[in-house]
Participant: 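This is the structure I want to talk about, given as structure tokens.
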Amino acid sequence: MYDLRALYEAESVQDAIRLRLEHPEARIIAGGTDVLVQMREGRLAGMELISIYGIDAMRGVSMDGAENIRIGSLTSFSHITKDPIIQKYIPVLGEAVDMVGGPQIRNAGTIGGNTCNGVTSADSASTLFAWDAIVELTGEQGVRQIPIQDFYISAGKVDLHPDEVQTAILIPKASYENCFGHYIKYAMRNAMDIATTGCSVNAVLSEDRKTIVRARIAYGVAGPVPMRAPAAEAAAAGKPVSQETADTFAAAVLEDIRPRDSWRASKAFREHIAVELAKRCLAESVRLAGGELA
């Protein structure tokens with residue numbers, strides 16, 4: 001059973017902000033796939049909750065006038081995977097969140113909850129990092145937008161002010177246009193497991209498909225928070241589409257990532273996997289973009 005002190009149900013974003021200010025110790029709950037588990041385990045015993053699950057304005061995927069993609073924070077993983085805008089422009093994000101838990105979790109879990117938890121293993125996070133996502137936060141003073149790299153502060157901690165609610169995640173047109181990506185989750189088993197390491201890569205090729213104009217790469221579980229690998233990105237930019245470039249790109253990730261030893265995997269193993277995943281993700285990204293490693 002759940003040891004719950006009180007549950008407040010927000011009817012709108014502004015109502016959620018009001019409730020946050022009135023009950024500063026309360027936790028926000030969306031799909032409940034993480035918070036309810038923690039309550040059942042006793043880690044949040046006696047907690048007050050503010051449910052935002054009924055705010056339909058925070059659901060769905062849309063495109064604004066500048067063709068930036070907006071993903072409402074209450075959009076479920078299964079909705080993201082099936083959404084036609086995601087399938088057309090960023091299918092890798094749908095593929096990444098389709099690796100979260102089982103069908104029941106994906107139907108209830110939300111992209112906002114996945115990012116607000118601040119954990120490095122979140123399956124959505126590395127792809128959002130690799131696509132330069134922007135986090136939209138709404139509070140008493142209005143709307144604040146920050147790059148997702150700045151949203152994650154440390155393990156389990158994000159830049160969410162006491163009066164704020166995360167309302168959306170934005171993908172700028174410049175981040176997805178002519179860009180193709182691939183995500184690989186390496187885990188101890190194929191179903192319902194936390195990633196040992198996750199790698200997301202995307203690439204933009206020249207018109208003749210012979211040059212990598214831009215490559216971006218991000219990892220989960222390669223440090224305390226999801227992270228980009230700028231040394232690898234610099235090593236691939238402007239280089240020929242070749243196996244040599246892929247090898248150089250992959251080797252360079254070791255300059256940036258900071259994996260640790262844990263019961264899931266050793267630091268050395270995670271470094272080995274990170275290099276291999278980088279090669280495979282870049283090769284598949286290049287293939288999706290119409291190129292081929294020579």
Side-chain angles (χ1 to χ4, degrees), residues 61 63 66-69 71 80-99 123-133 147-149 170-186 195 197-220 222 226-257 271-294:
V61 181
M63 189 174 283
E67 298 184 12
N68 302 310
I69 296 172
I71 306 170
I80 290 171
T81 300
K82 298 173 184 176
D83 186 85
I85 293 175
I86 298 297
Q87 290 180 345
K88 180 176 181 179
Y89 296 105
I90 325 174
V92 63
L93 179 59
E95 294 161 7
V97 299
D98 202 39
M99 297 181 187
D123 284 302
S124 68
S126 54
T127 296
L128 293 173
F129 268 63
W131 291 80
D132 290 327
I148 195 164
Q149 291 93 329
L170 313 173
I171 310 292
K173 181 181 180 180
S175 293
Y176 72 77
E177 191 172 31
N178 300 318
C179 190
F180 299 84
H182 188 58
Y183 171 73
I184 298 177
K185 173 182 180 176
Y186 182 90
T197 300
C199 178
S200 188
V201 173
N202 58 67
V204 175
L205 303 186
S206 59
E207 289 188 13
D208 62 5
R209 307 295 188 265
K210 300 296 184 183
T211 304
I212 298 175
V213 175
R214 182 190 72 204
R216 295 176 296 195
I217 178 169
Y219 286 95
M227 59 177 56
R228 291 276 284 272
E233 295 176 357
K239 299 298 192 300
V241 175
S242 67
Q243 188 60 55
E244 180 181 358
T245 297
D247 292 342
T248 302
F249 169 80
V253 303
L254 296 178
E255 298 180 34
D256 296 307
I257 63 173
E271 289 178 336
H272 171 76
I273 290 298
V275 172
E276 185 61 32
L277 295 187
K279 290 181 188 178
R280 295 186 186 187
C281 284
L282 181 62
E284 181 63 10
S285 297
V286 166
R287 187 192 70 79
L288 291 169
E292 183 179 357
L293 298 182

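Note that the numbering runs from 1 along the sequence shown for the chain. All values below were derived from every heavy atom in this structure, side-chain atoms included, with hydrogens, water molecules and symmetry-related copies excluded.
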Participant: Keeping the roles fixed (side chain from Arg228, backbone from Arg216), state whether a donor-acceptor pair exists under 3.5 Å.
Facilitator: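 No; judged by distance alone, with no hydrogens or angles, the pair does not exist.
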Participant: Are Tyr89 and Met63 side-chain neighbours, meaning at least one heavy-atom pair lies under 4.5 Å?
Facilitator: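 They are in contact (side-chain heavy atoms under 4.5 Å apart), so the answer is yes.
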Participant: When rounded to the nearest 0.5 angstrom, what is the spacing between SG in Cys281 and CZ in Phe249?
Facilitator: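 So the gap between those two atoms works out to 8.5 Å.
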Participant: Taking C-beta and beyond as the side chain, do Leu254 and Glu271 meet within less than 4.5 Å on heavy atoms?
Facilitator: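 SC-SC contact between Leu254 and Glu271 confirmed.
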Participant: Counting only N and O atoms by type, is there a donor-acceptor contact under 3.5 Å from the side chain of Asp256 to the main-chain atoms of Ala231?
Facilitator: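 Between the backbone of Ala231 and the side chain of Asp256 there is a qualifying donor-acceptor contact (under 3.5 Å).
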Participant: Which heavy atom in Glu292 sits nearest to a heavy atom in Val286, and how many Å separate them?
Facilitator: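 That would be N-CG1, 3.6 Å.
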Participant: In Å and rounded to the nearest 0.5 Å, what is the CD1 to CD1 distance from Ile85 to Ile69?
Facilitator: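 These two atoms lie 6.5 Å from each other.
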Participant: Write down the atom of Ala130, the atom of Ala218, and the distance for their closest heavy-atom approach.
Facilitator: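 Distance-wise, the nearest heavy atoms are N-CB, 3.8 Å.
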Participant: Once you round to the nearest 0.5 Å, how far does OH of Tyr176 lie from CG of Asn68?
Facilitator: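 That separation rounds to 7.0 Å.
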Participant: Identify the heavy atoms of Leu293 and Ala246 that sit nearest to each other, and give their distance.
Facilitator: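 Smallest heavy-atom distance, with atoms named: CD1-CB, 3.9 Å.
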Participant: Please give me the minimum heavy-atom distance between Val253 and Ala232, naming the atom from each residue.
Facilitator: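 Scanning both residues completely, I find the closest heavy atoms to be CG1-CB, 3.7 Å.
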Participant: Going by atom types only, do Asp123 and Tyr183 share a side-chain donor-acceptor pair under 3.5 Å?
Facilitator: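 The answer is yes; a qualifying pair exists.
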Participant: How about Ser200 and Thr127: does a side-chain donor come under 3.5 Å of a side-chain acceptor?
Facilitator: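 Result is yes, a qualifying pair exists.
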Participant: Rounded to the nearest 0.5 Å, what's the gap from CZ on Arg280 to OG on Ser285? Could you check?
Facilitator: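 So the gap between those two atoms works out to 14.0 Å.
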Participant: Judged by atom type as modelled, is there a donor-acceptor pair below 3.5 Å linking the side chain of Asn202 to the main-chain atoms of Phe180?
Facilitator: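 No: the side chain of Asn202 does not pair with the backbone of Phe180.
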Participant: Minimum heavy-atom separation for Leu282 and Ala203, please, with both atom names.
Facilitator: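 Heavy-atom minimum between the residues: CD1-CB, 4.4 Å.
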Participant: What verdict does the side chain to side chain contact (heavy atoms under 4.5 Å, CB included) test give for Leu93 and Trp131, after you've listed the backbone C-alpha separation in whole Å, the side-chain angles of each residue and the deciding distance to 0.1 Å?
Facilitator: CA-CA 9 Å; Leu93 179 59; Trp131 291 80; over 6 Å; no
Participant: Any donor-acceptor pair under 3.5 Å linking the side chain of Glu233 with the backbone of Ile217?
Facilitator: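 Such a contact is found between Glu233 side chain and Ile217 backbone.
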Participant: Quick check for you: to the nearest 0.5 Å, what is the distance between Ser126 atom OG and Leu277 atom CG?
Facilitator: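 Output value for this atom pair is 10.0 Å.
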Participant: Any side-chain to backbone donor/acceptor pair from Thr245 onto Ala236? Under 3.5 Å, distance only.
Facilitator: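 Between the backbone of Ala236 and the side chain of Thr245 there is no qualifying donor-acceptor contact (under 3.5 Å).
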Participant: Looking at every non-hydrogen atom in both residues, tell me the closest pair between Ile80 and Ile71 and how far apart they are.
Facilitator: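 Closest heavy-atom pair between Ile80 and Ile71: CD1-CG2, 4.0 Å.
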Participant: Rounded to the nearest 0.5 Å, what's the gap from CD on Glu67 to CD on Glu177? Could you check?
Facilitator: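 Rounded to the nearest 0.5 Å, the CD-CD separation comes to 7.5 Å.
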Participant: Taking the side chain as everything from C-beta on, heavy atoms only, tell me whether Ile184 gets closer than 4.5 Å to Thr197.
Facilitator: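 Side-chain contact under 4.5 Å: no.
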Participant: Can you tell which of Asn178, Val204, Leu205 makes a side-chain contact (heavy atoms from CB on, under 4.5 Å) with Val213?
Facilitator: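 Output: one option passes, namely Val204.
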Participant: Could you check whether any side-chain N or O of Arg214 sits under 3.5 Å from a backbone N or O of Ile212, counting only pairs where one atom can act as donor and the other as acceptor?
Facilitator: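 Flag not set: sc Arg214 to bb Ile212 has no pair under 3.5 Å.
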